[in-house]
There are 2 protein chains.
Amino acid sequence: MANNKKTTIKDIANVLNISAAAVSKALHDDSRISAKTKEAVKKVAEELNYQPNHLASALRRGKSNLVGVIVPRTNSNFFSSVIQHIEEVLDKEGYNIIITQSSESFEKECKNIDTLLFTQVDGIIASMANETIDLNYYEKIKSKGIPLILFDRGENDLNVDYIGIDDYESSHMIVKHLAEQGCKRIAHIGGYRHTRIYNNRIKGYIDAIKKYDLPIEDELLVESSLTIEDGRKKMSQLLALKNRPDAVYAAGDYAALGALQVLQENEIKVPDDIRLIGFGNEPFTSMLSPSITSVNQHSEKIGALAAQTFLERVKMNPLVQTLNKIILEAELIERDSSK
Amino acid sequence: MANNKKTTIKDIANVLNISAAAVSKALHDDSRISAKTKEAVKKVAEELNYQPNHLASALRRGKSNLVGVIVPRTNSNFFSSVIQHIEEVLDKEGYNIIITQSSESFEKECKNIDTLLFTQVDGIIASMANETIDLNYYEKIKSKGIPLILFDRGENDLNVDYIGIDDYESSHMIVKHLAEQGCKRIAHIGGYRHTRIYNNRIKGYIDAIKKYDLPIEDELLVESSLTIEDGRKKMSQLLALKNRPDAVYAAGDYAALGALQVLQENEIKVPDDIRLIGFGNEPFTSMLSPSITSVNQHSEKIGALAAQTFLERVKMNPLVQTLNKIILEAELIERDSSK
DNA sequence: TATTTTTGCTTAAACGTTTAAGCAAATATA
DNA sequence: TATATTTGCTTAAACGTTTAAGCAAAAATA
């Protein structure tokens, strides 16, 4: 039943009594092949159910037409949406993508990089794990001479393309919104400072707090892994303060969810007693009651831009990569938890 | 800066004045190569930062060591967890995976299959899109002579390996639980009947309702795409009935969420007025208030088993595939929405 | 009509690896 | 000591494609 031997261009060539080279050219619509031959080749190819061997052509051309994608995880709406839009753009240009997830582990991320390089990808689009500090493994990609594009979680030091939102400005937007609602003591459950985006959100928070003449206190600013569990922990911590905050801005939606759970368990009313804002606009933020105000990171644009940037880079010969940041403006999605 | 020319086994061979064949064998620990040579080869390989060209070896060996995975979407906890566990098992055996998503579209799924076959994957592990009825494209995989493993959404007609839970029994479990809580009119927002798993849930629902001597009425059984939106629509429909149900069992968590939203908007108390059960045990089911009772589908086991089944098949020569179902027992996770 | 250009193919090498076959030297066996 | 076996390599072909170079025939140009 199964067609044991696969059809190759040689088989087609034999049928038509022409050379394999002619077949290859015919299939690629080479101008030096007659319309008649092209037609005949395509017909036979169809009949024999010819499927090109991608490995052979990739080997010969020195290009695999595969692009590696590394994300911390795929089960977040942000990342899966970015991936979908990367795919959409690259598909049109004949590229396929290999998705890998680091599960926020540095070790896993290194393995993923090795795997992708081993698979001879033509480039890598990545968002770094929370844990990642050492950038040597990423240098490995650069030294291979293939484009590296970072998005969301990236580092300036690598001097490559980066696409993300303006985290500093986003914090300003959030603090402004809360200040306008009359909040006086705004706490921030921030991400790890060593990750650039979270550090920028923290800086933006601090500067905005100052701008609006609000109290800037150490106890109102906590560093978190931003998981649900840690969100719960940090919220409990904030509730234990002598002088409780009247608003909490979490740098991630999952942390905001954990915070909300703790608030509800303690029968603290959101938004009446404490206003709450998350970050990332995960779908569940609109599902909860109260729905959680959050920040839309424009995953579609980020994905499309990352793919387009890759396409530009891959056409360059020789490849030069420099720090090239594309910063998008984020959008505050106001929901019940903050007004 | 970038190492323009990549190191090949020939370069290593030149340094040591031996043949490329010897280098290849040394790197693969061939018994016919002396320990001394092996050591020397490995040292030079390290020094020259040799990275094997996967395309070349795959072409020569006729194996890519890539496995294609097709899922309806990655941003569901079930699928992303299955993928993670597939990866875990395959990684140990030297396989990498290429993840593609059909976005529940039949057309996209066909494209994905073409893409994966084009990339010369050694096998495909798939869960079918909701839309998929025509199985011809899947036959294409079989006719290529590579293993095809289905999970969750699969079809008997393809006569291949299948891993999933016992949907019929799961419905029994749910109806039993509701009946024990004293429910008398249990509605079912089911998936499309043409999808085997949803059909089984419907059959299980009907048989269980009969078993517990409850009314089996056409208006209590509706067919849905199981999205949030459709869940809302179907719940509104059920509320419009003269004789409302006192329990709703939705065949998917997202549909259950939509239903919950409508119930809350209409100030119908869950579980007091109407009990609600979902399916899939998505994380958000535990985040909502009330938390939603749901069914755990053992994504870890499904993923690991799918990978193991692939490994078994790929070792077979010649490959024979027959209908081979592995059915796992699901687990009811009782939460606030049903008691 | 003679020369140049274009058309439509062929030949052969290359991509980097693996592997079957072979062969000399070293070692074991009779 | 003569023969058989093992060791440790080499040579060469193969995987299926692409592509540079080349060449005869046809068409265009002078």
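Just so we're clear, the structure is a prediction, and the values are computed from it rather than from any experiment. Letters go in sequence order (proteins before strands), and every chain restarts at 1.
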Margin query: Closer than 4.0 angstrom, basic N to acidic O: yes or no for A/Arg61 and A/Asp122?
Written below: no

Note to self: Against the six-membered ring of A/Tyr162, is A/Arg153 placed for a cation-pi contact (under 6.0 Å from the centre, within 45° of the normal)?
What the structure shows: no

Next item on the list: Using heavy atoms to find the nearest nucleotide of DNA chain D for A/Arg32 and A/Thr8 separately, return the residue whose nucleotide is more 5′.
Entry: A/Thr8

Note to self: Base, sugar-phosphate or nothing for B/Ser57? Non-hydrogen atoms, less than 4.0 Å.
What the structure shows: sugar-phosphate

Note to self: Using 0.5 Å steps for rounding, measure from the CG atom of B/Asp157 to the OH atom of B/Tyr138.
What the structure shows: 13.5 Å

Notebook entry, point to check: What is the 5' to 3' range of DNA chain C, first to last nucleotide, that sits under 4.0 Å from any heavy atom of chain B?
Noted result: C/dG16 to C/dA21

Checklist line | Residue whose closest nucleotide on DNA chain D lies nearer the 5' end, A/Arg60 versus B/Ala22 | finding: B/Ala22

Item checked: Note: B/Arg73-B/Glu104 ion pair, threshold 4.0 Å (strictly below) -> yes

Check: Is any side-chain N of the basic residue among B/Asp114 and B/Lys140 closer than 4.0 Å to the acidic one's carboxylate O?
Finding: yes

Check: Which part of the nucleic acid, if any, lies within contact of B/His54, taking any heavy atom under 4.0 Å across all strands shown: a base, the sugar-phosphate backbone alone, or nothing?
Finding: nothing

Next item on the list: May I ask you to say what A/Ser34 touches in the nucleic acid, namely base, sugar-phosphate or nothing, with a heavy-atom cut-off under 4.0 Å?
Entry: sugar-phosphate

Next item on the list: Return the set of residues passing ring-ring contact (aromatic ring centres under 6.0 Å, His included) with A/Phe310 (not counting sequence neighbours), or none when no residue passes.
Entry: A/Tyr95

Next item on the list: Look at all strands and tell whether B/Ile18 reaches a base, only sugar-phosphate, or nothing, counting heavy atoms closer than 4.0 Å.
Entry: sugar-phosphate

